[in-house]
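For reference, positions follow the sequence shown, starting with 1. Just so you know, these numbers come straight off a predicted model, no measurement behind them.
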Amino acid sequence: MPKTNHPPSPRRRRALYPILAALSGGLVFLLLFWGLLNPSARAAPNVTIRYVNGSGGSDSGDCSNSAAPCATITYAIGQSAPGDKVRVAKSAYTETFSIPITLTLNGGYEAAGWTRNIAANPTIIDANGANASVIDIPPGVSVTVEGFTIQGSNLVNSSYGGGFFINGAAVVISATIIQNNSA
């Protein structure tokens with residue numbers, strides 16, 4: 001006599017409900033616990049956009065108001081928290097600086113409405129012959145630099161980078177000209 005598959009009796013189904021409830025509750029607990037331990041599963045922090053205008057800014061405040069931008073990139077980086085974005089308006093900035101936190105640094109903006117056109121709004125960071133790298137990026141940070149001309153470093157007796165000195169950091173450099181630096 002062939003064996004037939006009968007559906008479980010109602011009594012057997014009722015016996016499975018507590019087991020299924022416990023398993024699904026455990027799964028929910030594990031997913032929540034994993035989310036607390038896994039940094040990539042956490043919500044992203046608030047990102048603040050900072051504004052720099054070398055032609056009309058002032059190094060005061062926190063640079064987060066596009067109508068009251070800072071004057072230097074160095075000051076804006078000092079006001080930034082990890083993950084922030086710094087928008088830099090067309091100008092020539094005579095400075096060298098370090099980026100010690102995870103940050104996005106974008107040039108090529110016009111300051112009137114903060115629209116971006118890298119070709120039309122040249123943004124130059126010039127070390128003016130300083131014995132330093134134009135931009136120093138230390139270990140353990142993730143930095144994006146886009147839309148600049150980086151120039152004018154004159155490192156004496158050094159084999160480290162003139163335009164950029166990147167030491168163990170994750171860095172993306174795009175739409176950027178690196179010229180006239182020496183090490």
Side-chain angles (χ1 to χ4, degrees), residues 44-183:
N46 290 334
V47 173
T48 300
I49 298 174
R50 314 279 175 183
Y51 299 91
V52 180
N53 180 0
S55 300
S58 172
D59 283 344
S60 61
D62 69 357
C63 313
S64 65
N65 182 347
S66 63
C70 295
T72 63
I73 300 166
T74 304
Y75 184 83
I77 291 170
Q79 301 306 305
S80 296
D84 282 357
K85 297 180 179 187
V86 178
R87 293 182 177 174
V88 185
K90 169 186 174 176
S91 193
Y93 298 86
T94 304
E95 54 186 302
T96 63
F97 52 85
S98 177
I99 303 177
I101 60 173
T102 294
L103 190 75
T104 299
L105 185 65
N106 290 329
Y109 286 90
E110 55 81 28
W114 292 96
T115 58
R116 189 167 191 220
N117 182 329
I118 295 169
N121 300 308
T123 309
I124 301 164
I125 306 172
D126 191 333
N128 198 32
N131 185 22
S133 298
V134 179
I135 299 176
D136 179 12
I137 304 173
V141 298
S142 178
V143 174
T144 298
V145 176
E146 181 181 54
F148 291 92
T149 297
I150 308 296
Q151 65 186 30
S153 172
N154 186 22
L155 284 169
V156 179
N157 299 323
S158 176
S159 60
Y160 298 116
F164 284 89
F165 176 53
I166 301 167
N167 181 15
V171 180
V172 174
I173 301 169
S174 63
T176 294
I177 299 167
I178 305 167
Q179 66 183 15
N180 304 324
N181 297 288
S182 64

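In this structure, S153 contributes its side chain and N181 its backbone to no donor-acceptor pair below 3.5 Å. With hydrogens and angles disregarded, no donor-acceptor distance shorter than 3.5 Å links the side chain of R50 to the backbone of K85. Here the side chain of Y109 pairs no donor or acceptor atom with the backbone of V52 at under 3.5 angstrom. A donor-acceptor distance shorter than 3.5 angstrom exists from the side chain of T72 to the backbone of Y75, with no hydrogens or angles considered.
Residue pairs meeting the side-chain hydrogen bond (donor to acceptor under 3.5 Å, both in side chains) criterion with at least one member in residues 121-130, sequence neighbours excluded: D126-Q151. Within the structure, the disulfide (SG to SG under 2.5 Å) test picks out no pair touching residues 120-169 (sequence neighbours left out). Among pairs with a residue in residues 49-112, those fulfilling disulfide (SG to SG under 2.5 Å) read C63-C70, at least two apart in sequence or across chains. Screening residues 78-183 for disulfide (SG to SG under 2.5 Å), with sequence neighbours left out, gives no hits.
Between G162 and A183, the shortest heavy-atom distance links the atoms N-CB, 4.1 Å. Nearest heavy-atom pair across A119 and P122 is O-CD, 4.0 Å. Nearest heavy atom pair, residue V47 against residue G83, reads CG1-O, 3.3 Å.
The distance from atom CD of E110 to atom CG of N53, rounded to the nearest 0.5 Å, is 9.5 Å. Atom CD1 of I73 is separated from atom CD1 of I125 by 3.5 Å, given to the nearest 0.5 angstrom. Expressed to the nearest 0.5 Å, how far CG of N154 lies from CG of N131 amounts to 7.0 Å. Atom CD1 of I49 sits about 12.0 Å away from atom CG of N65, to the nearest 0.5 Å. We find the CG-OH distance between D62 and Y51 to be 11.0 Å, quoted to the nearest 0.5 Å. Separation of atoms CD1 (I137) and OG1 (T102) is listed at 10.5 Å; rounding is to 0.5 Å.
A 4.5 Å side-chain heavy-atom check between L155 and S133 finds at least one atom pair inside the cut-off. In this structure, the side chains of P82 and V141 stay at 4.5 Å or more apart for every pair of heavy atoms. For the pair L105/V143, no side-chain contact is recorded, criterion being any heavy-atom separation below 4.5 Å from C-beta on. Counting heavy atoms from C-beta outward, F148 and I135 have side chains that stay 4.5 Å or more apart.
Looking at residues two or more places apart in sequence or on another chain, you find no salt bridge (charged side-chain N to carboxylate O under 4.0 Å, His left out) involving D59.
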Listing, residues 163-178 side-chain donor-acceptor contacts under 3.5 Å, not counting sequence neighbours, or none:
from: S174; atom 1: OG; to: E146; atom 2: OE2; distance (Å): 3.1
from: T176; atom 1: OG1; to: G147; atom 2: N; distance (Å): 3.3
from: T176; atom 1: OG1; to: S174; atom 2: O; distance (Å): 2.8

